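Okay, structure first, notes after.
Side-chain atoms are counted along with the backbone in the values below, which use heavy atoms only and exclude waters and symmetry mates. We name chains A, B, ... by the order of the sequence lines, and we start the count at 1 in each one. Computed from a predicted structure; not experimentally measured.
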Amino acid sequence: MGGYNGGEMLDRKLIRENAEMVRAGALRKGVDAPVDEFLKVDEEWRASVAELESYKSELNSISKSIGQLIGQGKKEEAEAAKQKTSDIKEAIKELEPKERELEAKLQDIELKFPNLPHDSVPDGKDADDNVTIREWGTRPEGEFLPHYEIAEQLGLIDFERAVKVSGSGFAVYTGAGAKLQRAIINFLADFQSEKRGYTEVWPPALVLSSSLVGTGNLPKFADDLYGTVDDLWLIPTAEVPVTNLYRDEILDAEQLPLKVCAYTPCFRREAGAAGRDTRGILRMHQFDKVELVKYVLPENSYDELEALTNDAEQVLQALGLHYRVILLCAGDMGDKGCKCYDIEVWSPGEQRYLEVSSCTNFEAYQSRRANIRFRREKGAKPEFVHILNGSGTAVPRLLVAILETYRQPDGSIMIPEALRPYFGADSIPAN
RNA sequence: GGACAGAUGGCUGAGUGGUCGAAAGCGCCCGCCUGCUAAGUGGGUAAGGGGCGAUAGCCCCUUCAUGGGUUCGAAUCCCAUUCUGUCCGCCA
């Protein structure tokens, strides 16, 4: 049993008992959470539940006594007891829809509550208030081409035929481009599983809507997703199937932290406007990614976030790509997260940083929705695990950075050392 | 896609209208016993929500795949759905 029991982001008790703290936290995210409305409806709901349950209790005890009377052969007394139930049944019939209505109303209100930002998250409204935590490597100097020109010159990506086949927002990788794509994927999956201690899984790319509810993509963000005529949806990220692996389960504390990595293609409608992000392969309806997901003890989740971020950063270091790590401010983080680092790789061709990973601690937000818990010891009450995830990393923007960073004066591409065993050559020759 | 069978607690598995939240076994926990172990023995062992008291504890409601229905009362009867197994067909 269990599963999705509402739309709540937060524990009802937390809001009840720490109303002002919740209000202040939401405000930091720029959300004026309906705390007062919640408290009012919550009280009405609880009163309604109590009333309904007292009637049910009465009915149950009468039913029980009828059973006993029949057992003792006292038929008339049993008949008399039956008469008493009709009023109670009537009252229950009347109260039940009222209770359900209040519950639904409460859930609507709860949907308006964001997950609360951690104390270490800076105040701020939007991306301008994000804080650069650290940089690695140095920005390459010189003249650089954008990746789509390089790709065209070397015949790595066929944009025109991609449009013919699938419309805009897709790429056809060809020849060395296709091979490089596969090399990057294999490198990333091996790196995270063999060097960083993640268990690799290969999940389905189509999932039931119930899985998308568990991660918070539905019902709110259906427009971002590709659906099918069945109740199956194309995943926007491996986060969805992987986070749902342990849905409705109670884990042992010794199993934690549970670290899972998964390569999948990702599908996003991204009903976004055309702009500089849409040029080349920077923003696509289908792209590839290795995702990292961790299920951890609540008291460790912020240390685990640092470690997760580092696992993603190590990819870029292994490839020798310049990057920076950004700590998102409260207002730029979105509703679901408590703390989030973006890792941005330097694109010499674009002369700007590109997001290749977003490492987030959701605390219990997803575990509450997906009902994933753990027990500290035998007999202890189950608690929600904390769930974190981050890309480790996205492939297309990595490819962009590699092509642009490692293009040689003669027009060839030098393949980074770490990728050579996968690519099977040192370079992509110039045409 | 067609036919049949099934879905019960951590697991195995009984239960076809009335103290059944559910026998029994296994596992696990606490105690006793034995020089240790094994064996034996007594007891305890589902989850969610609400209320009282608020470190304990007590009371109530809900849950035997899911959603509806019949009934004073359902694990047990009826309907729908989902999933699993077996056989057949089809397919990379």
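- Note on A:R373: a side-chain N or O is less than 4.0 Å away from OP1 or OP2 of B:G48.
- For the C1' atoms, the distance from B:U71 to B:C77 is 10 Å, rounded to whole Å.
- Nucleotide B:G48 holds its C1' atom 12 Å from the CD atom of A:E103, rounded to whole Å.
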Between protein and nucleotides 71-73 of chain B, what N or O pairs are separated by less than 3.5 Å?
unit_1 : atom_1 : unit_2 : atom_2 : d
B:C72  : O4'    : A:T85  : OG1    : 3.4
B:C72  : O2'    : A:S63  : OG     : 2.9
B:G73  : OP1    : A:K89  : NZ     : 3.4
B:G73  : OP2    : A:K89  : NZ     : 3.3
B:G73  : O4'    : A:S63  : OG     : 3.3

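- If you take atom C1' in B:G73 and the same atom in B:C87, they sit 41 Å apart, rounded to whole Å.
- A:R196 places no side-chain N or O within donor-acceptor distance of the main-chain N or O of A:Q314, the cut-off being under 3.5 Å.
- Atom NZ of A:K75 and atom C1' of B:G18 are 14 Å apart (whole Å).
- Taking the P atoms as reference points, B:G69 lies 26 Å from B:U16, given to the whole Å.
- B:G57 and B:C83 are spaced 41 Å apart, taking the C1' atom of each and rounding to whole Å.
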Legend entry - Verdict with supporting geometry, A:R269 and A:D224, side chain to side chain contact (heavy atoms under 4.5 Å, CB included): CA-CA 5 Å; A:R269 289 182 70 207; A:D224 295 342; 5.6 Å; no

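- Classified by interplanar angle (parallel below 30°, tilted 30° to 60°, perpendicular above 60°), the ring pair A:F187/A:Y422 is perpendicular.
- We find that CD of A:E249 is positioned 15 Å from C1' of B:A47, with the value rounded to whole Å.
- The nucleotide whose nearest atom lies closest to any side-chain atom of A:S57 is, among B:C61, B:G48, B:G50, B:C61.
- A salt bridge links A:R12 with A:E110: at least one charged nitrogen is closer than 4.0 Å to a carboxylate oxygen.
- Annotation: B:A7 and B:U81 have their C1' atoms spaced 14 Å apart (nearest Å).
- Only the P atoms considered, B:G6 is 29 Å distant from B:U62, to the nearest whole Å.
- In this structure, A:L69 atom CG and B:U19 atom P are separated by 14 Å, rounded to whole Å.
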A correct dot-bracket answer for RNA chain B, with pairs being Watson-Crick or G-U at under 3.5 Å, [ ] for crossing pairs and | for inter-strand pairs, is ((((((((.[[[..)..(.....]]]((((((.......))))))(((((((....))))))).[[[[[..)....]]]]])))))))....

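- Rounded to a whole Å, the CG atom of A:L102 is 15 Å from the P atom of B:G50.
- Here the options are A:V41, A:D42, A:V35, the test is side-chain contact (heavy atoms from CB on, under 4.5 Å), and the partner is A:F38; only A:D42 passes.
- Using a 4.0 Å cut-off between charged side-chain N and carboxylate O, A:R23 and A:E20 make a salt bridge.
- Pairing each heavy atom of A:H285 with each of A:S168, the nearest pair is CD2-O, 3.3 Å.
- Regarding A:R100, its CZ atom lies at a distance of 14 Å from the P atom of B:U62, rounded to whole Å.
- Phosphate contact (OP1/OP2 of B:A47, side-chain N/O of A:R375, threshold under 4.0 Å): present.
- A donor atom on one side chain and an acceptor atom on the other are not found under 3.5 Å apart for A:E79 and A:Q83.
- The aromatic ring centres of A:Y148 and A:F159 sit 6.0 Å or more apart.
- One C1' atom belongs to B:G18, the other to B:C4, and the distance between them is 34 Å to the nearest Å.
- B:G10 atom C1' lies 13 Å from atom CD of A:Q255, rounded to whole Å.
- Other residues, nucleotides and ligands place more than 12 heavy atoms under 6.0 Å from the CD atom of A:E200.
- One can place CG of A:D248 at 18 Å from P of B:U63, the figure rounded to the nearest angstrom.
- Rounded to a whole angstrom, the distance from the C1' atom of B:A47 to that of B:A22 is 15 Å.
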